[in-house]
Amino acid sequence: MQTEKVIRRDLKYIMHTYNRSPLVIERGEGMTAYDAQGNAYLDFTSGIGVNSLGYCHPAWVSAVTEQAGKLSHTSNLYYTAPDGKLAKRLCRRTGMDKVFFGNSGAEANEGAIKCARKYSTVTYGPARSKVLTLVNSFHGRTLATLKATGQEVFHKDFGPFPENFDYVPANDFAALEAAADETVCAVMMEMVQGEGGVVALDADYLQKVEKFCRERDILIIVDEVQTGVGRTGTFLACEHYNIKPDIVTLAKGLGGGLPIGAVLTTDKVAAVMGPGSHGSTFGGNPIVCAGACAVLDTMDDEFMKNVNDRAVQLRAGLEKLPHVKQVTGLGLMVGIAFEDGIKAADVRTACEHAGLLVLTAKDRLRLLPPLILSEQDVDHALKILSGVLEKA
């Protein structure tokens, strides 16, 4: 594979909606990505939180390969086994009752909004359809999920948007209380605002919001697209706060590398979503669901203990590095704020040159390593980061 040829072809034929690094990834194994020249990179991005088991995990590869040899697609007009197996695992793992499968986080969040509005319309009438989200949130790039996103920078040039969304500041219960009038059907939140800078919400705030919403039958939608599937040290991040949502959305790490989205609901919400109320041609794809089952089956107690141990090790090490002002997030969803004069984008580029792949979120460095990382992987990443920051 020729790097220059691949990049030239991409520039000619692919829509330029991403600022790509001049790096062609040819293959991966475990925690390591390899470029076209055979150079190795310790990957602390996991494909923006997707490769939860790293590259080519044997159990995932086996499940996907076996299913591909049996049935790749049929449609949701017929029953297949893998989506039912995955739904059962998800409901047992989360305490939710029903699942709708789609193909992405944005699609899952769109489905969650539809579920909330349908429940409220059926129960209280069409006037109750507003969804409150938080300032600095991110929920996707479809028109509805862009409107749900509480960051104006993402809205520019794409209006007009669907109506009946409003934003309140995170961790400001008085503002939410004031905004939650009789037209509000749901409050939608990320437990950690990922694209907003890897900022976790306050536990006291979330407890107040849950109590307030329960008293008024305002549905609680928790967007776990980036925080879910073990990323923060529990299967769902809302478990840290003992929050019991009405609707949860998952994507990213659930598929282990293939596209998936999932809307998990209580029976109360699912009861209003009858035939024809929602759909997805590729949702519940047998190959994707077989891979996702392998992801969930791998995440046993020992696996989750390692996630938490490595998170403690990584965070403690990061706090000792030069120029690090603050370490944010939860578990292995990590944000790093630097002292003035240190730009996260520059650190990201320098890390890449040194053999470590990392991300940014606003003005912070963002780490989303595969959940299979070892003690040695953390030490290696810290050593590279230390070397980069010492030269900054």
Side-chain angles (χ1 to χ4, degrees), residues 49-50 52-53 59-60 62-64 66-68 70-116 118-119 219-231 234-239 243-300 303-304:
V50 169
S52 48
L53 302 184
W60 183 86
S62 176
V64 168
E66 181 180 352
Q67 183 59 47
K70 292 179 179 178
L71 179 70
S72 62
H73 175 77
T74 175
S75 84
N76 286 308
L77 297 177
Y78 311 104
Y79 294 96
T80 61
D83 64 338
K85 291 179 179 178
L86 178 57
K88 179 179 179 179
R89 284 165 169 78
L90 285 171
C91 288
R92 289 189 169 183
R93 195 80 177 247
T94 64
M96 305 300 283
D97 298 312
K98 294 289 192 297
V99 183
F100 174 88
F101 289 118
N103 310 285
S104 68
E107 191 176 327
N109 284 335
E110 189 106 12
I113 293 165
K114 287 184 68 175
C115 287
K118 182 77 185 292
Y119 169 80
L219 298 186
I220 298 172
I221 305 172
V222 176
D223 176 347
E224 296 258 12
V225 167
Q226 192 169 149
T227 57
V229 196
R231 171 59 54 189
T234 52
F235 188 76
L236 298 178
C238 60
E239 294 173 40
I243 299 297
K244 304 294 183 184
D246 300 285
I247 304 172
V248 174
T249 58
L250 297 173
K252 287 190 178 290
L254 178 59
L258 289 173
I260 192 169
V263 185
L264 284 61
T265 74
T266 61
D267 278 330
K268 178 178 80 172
V269 175
V272 304
M273 299 298 288
S277 60
H278 199 37
S280 171
T281 297
F282 293 103
N285 174 270
I287 297 174
V288 178
C289 288
C293 283
V295 170
L296 265 61
D297 290 347
T298 302
M299 293 184 176
D300 57 16
F303 183 97
M304 294 307 300

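Values below: every heavy atom of this structure, side chains too, minus hydrogens, waters and symmetry copies.
- The nearest pair of heavy atoms linking L90 to F235 is CD2-CZ, 4.0 Å.
- Atom CG of N285 and atom OG1 of T74 lie 10.5 Å apart (nearest 0.5 Å).
- Residues K244 and T266 fail the side-chain proximity criterion, which asks for heavy atoms closer than 4.5 Å.
- Two residues are said to be in side-chain contact when any heavy atoms from C-beta on lie closer than 4.5 Å; N103 and S280 meet this criterion.
- Rounded to the nearest 0.5 Å, atoms SG (C115) and CD1 (I221) are 8.5 Å apart.
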Test F100 against I247 for side-chain contact (heavy atoms from CB on, under 4.5 Å), laying out the working first. CA-CA 11 Å; F100 174 88; I247 304 172; over 6 Å; no
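- Distance check: L77 CG to T281 OG1 gives 9.0 Å after rounding to the nearest 0.5 Å.
- Residues Q67 and L71 meet the side-chain proximity criterion, which asks for heavy atoms closer than 4.5 Å.
- At a threshold of 4.5 Å between non-hydrogen side-chain atoms, the residues S52 and M299 count as touching.
- Interatomic distance, CD1 of I287 versus NE2 of H73, reported as 10.5 Å (0.5 Å rounding).
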With a 3.5 Å cut-off and sequence neighbours excluded, list the donor-acceptor pairs that the side chains of residues 248-259 form with protein atoms.
from, atom 1, to, atom 2, distance (Å)
T249, OG1, N109, OD1, 2.7
K252, NZ, I48, O, 3.0

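- Taking all atoms of both residues into account, the shortest heavy-atom contact from A108 to V263 is O-CG2, 3.2 Å.
- At distances below 3.5 Å, not a single donor-acceptor pair connects side-chain atoms of E224 with backbone N or O atoms of V229.
- The shortest non-hydrogen separation linking L296 to R93 is O-NH1, 3.3 Å.
- The structure places NZ of K98 at 4.0 Å from CG of D267, a figure rounded to the nearest 0.5 Å.
- More than 12 heavy atoms of other residues, nucleotides or ligands sit less than 6.0 Å from atom NZ of K118.
- Within the 4.5 Å cutoff, no side-chain heavy atoms of L86 are placed close to those of V99.
- Taking every heavy atom of both residues into account, H278 and M273 meet most closely at CB-CE, 3.9 Å.
- S72 places no side-chain N or O within donor-acceptor distance of the main-chain N or O of A68, the cut-off being under 3.5 Å.
- Within the 4.5 Å cutoff, side-chain heavy atoms of R89 are placed close to those of D297.
- In this structure, K70 places its NZ atom where only 12 or fewer heavy-atom neighbours from other residues, nucleotides or ligands lie under 6.0 Å away.
- Closest heavy-atom contact between D83 and T80: OD1-O, 2.8 Å.
- Annotation for P82 and C293: closest pair O-SG, 4.1 Å, computed over non-hydrogen atoms.
- Annotation: the span from T265 atom OG1 to Y119 atom OH amounts to 11.5 Å, rounded to 0.5 Å.
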